[in-house]
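Taking it in order: structure first as structure tokens, then the write-up.
Just so we're clear, the structure is a prediction, and the values are computed from it rather than from any experiment. Naming: A, B, ... by sequence-line order, numbering from 1 per chain.
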2 protein chains.
Amino acid sequence: MLKTEIDMDKAAIILKLLGDKTRLTMVKLLENHDCCVCEFVEIFNASQPSISQHLRKLRDVGVVKEERKGQWIFYSINKNNDYYPFVEQILKQLPDQEDKLKALEEKGARITCC
Amino acid sequence: MLKTEIDMDKAAIILKLLGDKTRLTMVKLLENHDCCVCEFVEIFNASQPSISQHLRKLRDVGVVKEERKGQWIFYSINKNNDYYPFVEQILKQLPDQEDKLKALEEKGARITCC
DNA sequence: TTAATATATAATGATTTGCTTATATATGCA
DNA sequence: TGCATATATAAGCAAATCATTATATATTAA
């Protein structure tokens, strides 16, 4: 199997994208769980438009994808992205952020539709 | 041996730092060769202050270090940095940039003092 | 000591970024 | 249908970023 090498332009774009604490944490959370916008709003204690804009950037570059489930839109890592292995290598080196989801559940704010 | 886990704040800072094509390429070049400022100026066809400022940012965060050799100041990867493994993992996934150094040599612009 | 070379720093300005506020759109439910 | 909830988008603004120009510092060589 050929190892696909990422080109420098794209690598820089992805690194810049991940070079924001909110986005980086989002993507790390998505590594193991799909999340919807309102969950991120809770987790980061941020405004809804702010979260929405971060997700848009991640989506525009293809790092995450969205899927509507009824009222909610769930985001997940886009594993079909050519650069997914690159992103995954980075995520693997980060501490897990499970505590944030746990806190959500304790608040009763975890969305488990469907 | 304990794997040192990078914290999210620092990770985001480093990723943002590497999220610039010039800096990313610089660091990738430094992975295998020390380089001095004037070499970078040639390679990137950039102004000297611009290169100097990029290097300063990399140095401020501890990703690279400098060493004066006579007239020149050589930069190299700071392997003592706690976050060196994190950076190295990323660099490993990038295409090598040897062609850029080769072009320098052909121009006779490679500095091989000492 | 003077000139040339290599580098760093400071000041300025244009662009980008990330937030806020306001508004639009889409779904679910009464 | 009408209202509440979830999300996206647009506009505006402050802060950060990156290049440029000008200048300062350090080293080498004449």
Item checked: Pair A:Asp9-B:Lys21, salt bridge (charged side-chain N to carboxylate O under 4.0 Å, His left out): steps then yes or no -> CA-CA 6 Å; A:Asp9 290 272; B:Lys21 199 188 169 186; 3.2 Å; yes

Item checked: Evaluation steps, side-chain contact (heavy atoms from CB on, under 4.5 Å), between B:Tyr75 and B:Met26 -> CA-CA 10 Å; B:Tyr75 281 84; B:Met26 280 176 159; over 6 Å; no

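Taking 4.0 angstrom as the limit, B:Ser50 places none of its side-chain polar atoms (N or O) nearer than this to OP1 or OP2 of D:dC18. Of the side-chain N and O atoms in A:His54, one or more sit less than 4.0 angstrom from OP1 or OP2 of C:dC19. Contact annotation: A:Lys69 does not reach the phosphate of D:dA6 (side-chain N/O to OP1 or OP2, under 4.0 Å). Listed pair B:Arg68 / C:dA6 fails the phosphate criterion, with no side-chain N or O lying under 4.0 Å from OP1 or OP2. Residue A:Lys16 places none of its side-chain N or O atoms closer than 4.0 Å to OP1 or OP2 of C:dT16. Side-chain nitrogen and oxygen atoms of B:Ser52 include none within less than 4.0 Å of the OP1 or OP2 phosphate oxygen of C:dT7. At the phosphate of D:dA8, neither OP1 nor OP2 sits under 4.0 Å from any side-chain N or O atom of A:Arg59. Note on B:Lys57: a side-chain N or O is less than 4.0 Å away from OP1 or OP2 of D:dC18. A close approach under 4.0 Å does occur between a side-chain nitrogen or oxygen of B:Tyr75 and OP1 or OP2 of C:dA8.
For the pair A:Asp20 and B:Pro49, nearest-nucleotide mapping onto DNA chain C gives the more 5' position to B:Pro49.
For the pair B:Arg56 CZ and C:dA11 C1', the computed distance is 15 Å after rounding to whole Å. Atoms CD (B:Glu67) and C1' (C:dA6) sit 16 Å apart, rounded to a whole Å. With rounding to whole Å, B:Met26 atom CE is found 13 Å from C:dT7 atom C1'. Across the protein-nucleic acid pair, A:Asp34 atom CG and D:dT7 atom P stand 13 Å apart, rounded to whole Å. One interatomic measurement links the two molecules: CZ of B:Phe40 to C1' of C:dT7, which rounds to 14 Å at whole-angstrom precision. One can place CG of A:Leu24 at 16 Å from C1' of C:dG18, the figure rounded to the nearest angstrom. One atom, CD of B:Glu66, and another, C1' of C:dA8, lie 9 Å apart when rounded to the nearest Å. The separation between A:Trp72 atom CH2 and C:dG28 atom P is 9 Å, rounded to whole Å.
No hydrogens or angles were tested; on distance alone, nothing pairs the side chain of B:Gln48 with the base of C:dT9 as donor and acceptor under 3.5 Å. Judged by atom type and distance alone, B:Gln53 reaches the base of D:dT20 through a side-chain donor-acceptor pair under 3.5 Å.
Closest to the side chain of B:Ile73, from the set C:dA8, C:dG28, D:dA8, is C:dA8. Each of D:dT20, D:dC18, D:dT7 was ranked by its minimum atom distance to the side chain of B:Ser47; first place goes to D:dT20.
No contact: B:Lys21 has no heavy atom under 4.0 Å from any strand.
Using a 4.5 Å heavy-atom cutoff, the side chains of A:Val37 and A:Phe74 are not in contact. Side-chain contact between B:Thr25 and B:Lys100: present, with at least one pair of heavy atoms (C-beta onward) separated by less than 4.5 Å. Looking at B:Lys65 and B:Arg59, their side chains never come closer than 4.5 Å, going by heavy atoms from C-beta outward.
With respect to B:Glu105 and B:Lys102, no salt bridge is recorded, no charged nitrogen being found less than 4.0 Å from a carboxylate O.
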